[in-house]
Number of protein chains: 2
Amino acid sequence: MKNSNTDIPSCTKCGNTSGILCNLSMKEKDELSCGKQENVFKKGEVIFKEGHNAYNLFCIHKGKVKLSKLGKDGKEQIVRLAKAGDILGYRSLLSNEPYHGTATAMEETEICIITKEVFQKVNEDNYKLSLNLIQLLSKDLKSAEQHLIDVAQKTVKERISEALMLLIDSFGYLEDKRTINVALTRSEIADLAGTTTETTIRTLAQLSTDNIIKLEGKNILVTNYKELVKTSNTYD
Amino acid sequence: MKNSNTDIPSCTKCGNTSGILCNLSMKEKDELSCGKQENVFKKGEVIFKEGHNAYNLFCIHKGKVKLSKLGKDGKEQIVRLAKAGDILGYRSLLSNEPYHGTATAMEETEICIITKEVFQKVNEDNYKLSLNLIQLLSKDLKSAEQHLIDVAQKTVKERISEALMLLIDSFGYLEDKRTINVALTRSEIADLAGTTTETTIRTLAQLSTDNIIKLEGKNILVTNYKELVKTSNTYD
DNA sequence: GATAAAATATGATTTAAATCAATGTTTTGT
DNA sequence: ACAAAACATTGATTTAAATCATATTTTATC
């Protein structure tokens with residue numbers, strides 16, 4: 001983690017538009033900015049760790065982050081993906097609990113670190129923000145429950161297809177509109193879909209044979225999105 | 001559903017102490033009570049249905065409720081259990097979304113039905129309540145994520161053991177301190193653990209052979225809780 | 001209290017996916 | 001540029017749990 005002069009601007013001048021903090025007033029953004037730290041995490045670096053005490057709110061300015069939890073004999077399960085504008089750690093801050101998962105940078109990622117006190121202050125004074133947080137949690141809970149059912153009931157092929165859809169949903173495509181804009185290892189895709197590396201490789205190969213995707217190293221090109229959705233057996 | 005004169009009291013006189021609404025001031029409880037409906041649901045009756053528009057908050061006065069979602073080819077997955085004092089449907093109300101799951105009475109259950117408007121009003125005026133809701137959601141999300149990892153990584157025996165622990169945690173024991181205070185069918189236990197009825201039956205039989213539980217019809221007696229925890233492979 | 005319906009139980013078989021094993025291919029750091 | 005490490009691939013084998021099939025017991029209903 002590099003804690004140096006980055007070119008991350010103050011919250012009032014942040015270019016991100018999609019995050020939950022983006023709707024705050026200038027005054028509130030100013031409050032948040034006050035004393036915030038800006039840090040750059042390299043690919044693979046851990047931002048915070050499951051079980052550790054929570055003192056900060058993390059707001060992604062640029063980059064990609066995975067949130068994972070450890071399961072049986074250390075097997076990792078990716079529970080959420082986050083991108084620019086998304087905030088991390090707020091659950092633990094508001095509930096006074098240790099971090100629920102481990103956040104790891106998936107590529108060079110710029111993050112603003114806001115103290116618990118500042119965040120709580122802003123939250124207390126803004127019912128709208130609380131409501132947005134509730135809605136965010138609600139959304140996360142919904143997708144966690146969906147994910148749960150998927151893992152419990154779907155086949156690996158369906159789950160891998162859905163994992164790819166989640167990646168597209170979270171990070172979109174490159175300029176060519178077909179290459180998924182994130183490079184995961186096969187093992188990470190496995191951690192997302194809740195299966196093993198070998199099975200993931202075989203299943204991706206199968207999806208490739210079915211002409212649904214095209215594999216170019218770590219890049220995955222989606223050549224038939226409609227069929228991918230069908231294969232994932234998703235209806236909503 | 002019987003919508004008749006029940007003996008459910010006004011919120012100000014509600015005897016429950018564990019729920020999120022119990023900490024409200026008398027004035028707020030009075031507001032909630034205003035215009036609330038009291039209903040009795042018989043065992044098996046549906047309180048609200050997944051996908052339907054959400055107009056009400058449900059507060060359990062007495063009884064037991066399961067929340068489930070439908071998965072592939074109609075297989076049910078129980079995502080949460082609720083008891084006296086617990087509220088249902090608040091997520092959908094606050095996010096303006098359809099109900100995320102289906103709530104079904106597991107036994108004769110008395111429920112207070114509060115309108116969206118009344119609930120929102122009380123919520124808006126009370127930061128403490130918002131915070132409590134956030135913490136509740138946070139807790140639910142945490143357990144959903146844990147459940148997800150369990151289903152993805154644990155064996156059926158571990159999951160069934162954990163399901164029993166969840167039942168104990170949610171509903172406790174009968175007076176004898178060993179009989180789990182809820183009667184589920186084997187198929188419902190399967191829906192909770194994410195497996196099939198046959199496998200559940202076999203696994204329960206095995207736990208019985210291991211002298212961890214004792215089966216008496218639908219009643220399940222826990223004779224060795226420590227070993228049950230061990231078998232569930234849970235560490236928190 | 002008879003009869004249907006639902007729930008429980010048990011055995012046999014199949015199957016999807018994990019595991020084990022070995023090898024080839026990229027990345028990464030020095 | 002090179003070695004070491006990390007990652008990807010493919011094949012063979014095992015296994016946990018689902019599925020299928022059928023019988024028995026319990027529970028509800030007329």
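Proteins come first, then strands; the chains are lettered A, B, ... in the order of their sequence lines, and each starts at number 1.
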note: L207(A), atom CG; dT9(D), atom P; distance rounded to Å ~ 13 Å
| query | Are E108(A) and K43(A) within salt-bridge range, i.e. N to O under 4.0 Å? | reply | no
Note to self: Between R186(A) and dT9(D), is there a contact of a side-chain N or O with OP1 or OP2 at under 4.0 Å?
What the structure shows: yes
Would you call K64(A)-E107(A) a salt bridge at under 4.0 Å N-O?
-> yes
- prompt: Would you say a side-chain N or O of T155(A) is under 4.0 Å from OP1 or OP2 of dA16(C)?
  reply: no
N219(B) CG to dT8(C) C1', in whole Å, measures 15 Å
To the nearest angstrom, the NZ-P distance between K218(A) and dC7(D) comes to 7 Å
Of dA7(C), dC7(D), dA18(D), the nucleotide closest to the side chain of T185(B) is dA7(C)
I201(B) atom CD1 is separated from dA6(C) atom P, nearest whole Å, by 16 Å
### Message
Between E216(B) and K214(B), does any NZ, NE, NH1 or NH2 come within less than 4.0 Å of an OD or OE carboxylate oxygen?
### Response
yes
D191(A) CG to dA18(C) P, in whole Å, measures 12 Å
message: Any carboxylate oxygen within less than 4.0 angstrom of a Lys/Arg side-chain nitrogen, looking at E38(A) and K36(A)?
response: yes
Scanning both residues in full, the closest heavy-atom pair of I47(B) with T104(B) reads CD1-C, 4.3 Å
Does a nitrogen or oxygen in the side chain of T195(A) sit under 4.0 Å from OP1 or OP2 of dA18(C)?
-> yes
Rounded to whole Å, the CG-C1' distance (L204(B) to dT10(C)) equals 14 Å
note: K75(B), atom NZ; dT19(D), atom C1'; distance rounded to Å ~ 13 Å
Result for 5'-nearest mapping on DNA chain C, choosing between G217(A) and T200(A), is T200(A)
> Is the distance from OP1 or OP2 of dA18(D) to the nearest side-chain N or O of T196(B) less than 4.0 Å?
Replying inline: yes
Ranking K43(B) and V156(B) by the position along DNA chain D of their nearest nucleotide, the one closer to 5' is V156(B)
Taking donor-acceptor contacts at under 3.5 Å, does the side chain of E198(A) reach the base of dC20(C)? yes
Against the side chain of R202(B), the closest entry in dA12(C), dT10(D), dA17(C) is dA12(C)
| query | At under 4.0 Å between heavy atoms, what does T197(B) touch on the DNA or RNA strands: base, sugar-phosphate, or nothing? | reply | nothing
- Under-4.0 Å side-chain N/O to phosphate OP1/OP2 contact, K157(B) with dA17(D): no
Separation of dA9(C) atom C1' from Q206(B) atom CD, nearest Å, is 15 Å
